[in-house]
Amino acid sequence: MIYACLAILQPAPDIYAMRKLEPDFYLQTDVTQIARQLLGKVLHTWLQGQHCAGRIVETEAYAGATDRASHAYGQRRTARTEVMYAAGGTAYVYLCYGIHHLFNVVTHQAGTPHAVLIRAIEPLLGQDTMSRRRGMVATDVRLGRGPGSVAQALGIHTAHSGYSLLGHDIWIADDGHIYPDNAILATPRIGVDYAGDDALLPYRFIVKNSPSISGTKRQNSHA
DNA sequence: ATACCGATTAACT
DNA sequence: GTTAATCGGTATA
């Protein structure tokens, strides 16, 4: 009886077979490689008493001190960006346009402010909660499309900046899902025109044909 | 203390 | 394709 109820409450994907990513993953030194590897991984949150999860299908790498598009360009340190200097496996969340909370994964060892922006997920678990937070129906394809949408759907906000991704509030897991290289496209990043030549770097990674990908047709066809 | 602007989104024309 | 919304972070005075 009890087990039957549990089965009804947690019917969706086989979340118990998912392996939480460990520090070694986040401590890798090539932030673009991490951004590529994060495609297909599953981002989970257990916030406000709700378990939500979605498969990552769009990311952007920000290469810290040498990257003009990064908040930490030139090794800049402020109260906001201090979190970027933490060890890989930490959440960096900041407010954009006064409205949107953007979730980033800090990578590399402590002192090197690399980060990966999670720009889109395909909802897997907790669609009811996500849709309530987003103010749309649970089947809407826009549930996890765009970085502001991802954070809103998962209940992530700036108060979560600095949280460890090795804990039980926000984490990333590998359920064995693999996207082959021919299913992936690398393009320039979105909204970083101020970054000069660095705006042209192919640091955005998307899963071709995913309904959750943000951006225009043109932005999603670059090679 | 004040001014400017953004790693965006949704609702328009 | 265009644009309003909206406010914390950051730089300047």
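Here is the naming used below: chain letters follow the sequence lines, and residue numbers restart at 1 for every chain.
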Next on the checklist: My understanding is that only one of A/Arg145, A/Arg119, A/Arg142 makes a side chain to side chain donor-acceptor pair (under 3.5 Å) with A/Ser214; could you say which?
Outcome noted: A/Arg119

Checklist entry - Between A/Thr78 and C/dT10, is there a side-chain N or O to OP1/OP2 distance below 4.0 Å? => result yes

Checklist entry - When all nucleic acid strands are considered with a 4.0 Å heavy-atom cut-off, which category describes A/Arg76: base, sugar-phosphate, or nothing? => result sugar-phosphate

Checklist entry - Out of A/His108, A/Gln37, A/His114, which residue meets the side chain to side chain donor-acceptor pair (under 3.5 Å) rule with A/Gln28? => result A/Gln37

Item to check | Pairing annotation in dot-bracket form, given for DNA chain B with Watson-Crick or G-U pairs under 3.5 Å and | for cross-strand partners | outcome: ||||||.|||||.

Checklist entry - Taking it one step at a time, do A/Trp46 and A/His160 satisfy ring pair (Phe, Tyr, Trp, His ring centres under 6.0 Å)? => result CA-CA 12 Å; A/Trp46 193 314; A/His160 298 118; over 10 Å; no

Next on the checklist: With heavy-atom distances below 4.5 Å as the criterion, would you say the side chains of A/Ile118 and A/Val105 are in contact?
Outcome noted: yes

Checklist entry - Nearest 0.5 Å, what's the CD1-NE2 distance between A/Ile156 and A/His101? => result 11.0 Å

Item to check | Cluster check A/Tyr73, A/Val192: I/L/V/M/F/W/Y, side chain < 4.5 angstrom | outcome: no

Checklist entry - Out of curiosity, A/Asp128 CG to A/Cys52 SG, how far, rounded to the nearest 0.5 Å? => result 7.0 Å

Checklist entry - What string of B, S and - do you get for nucleotides 2-13 of chain B 5' to 3' if you count protein non-hydrogen atoms under 4.0 Å? => result ----BBBSS---

Item to check | Identified side chain to side chain contact (heavy atoms under 4.5 Å, CB included) counterpart of A/Glu60 within the set A/Val116, A/Val31, A/Ile190, A/Ile206 | outcome: A/Ile190

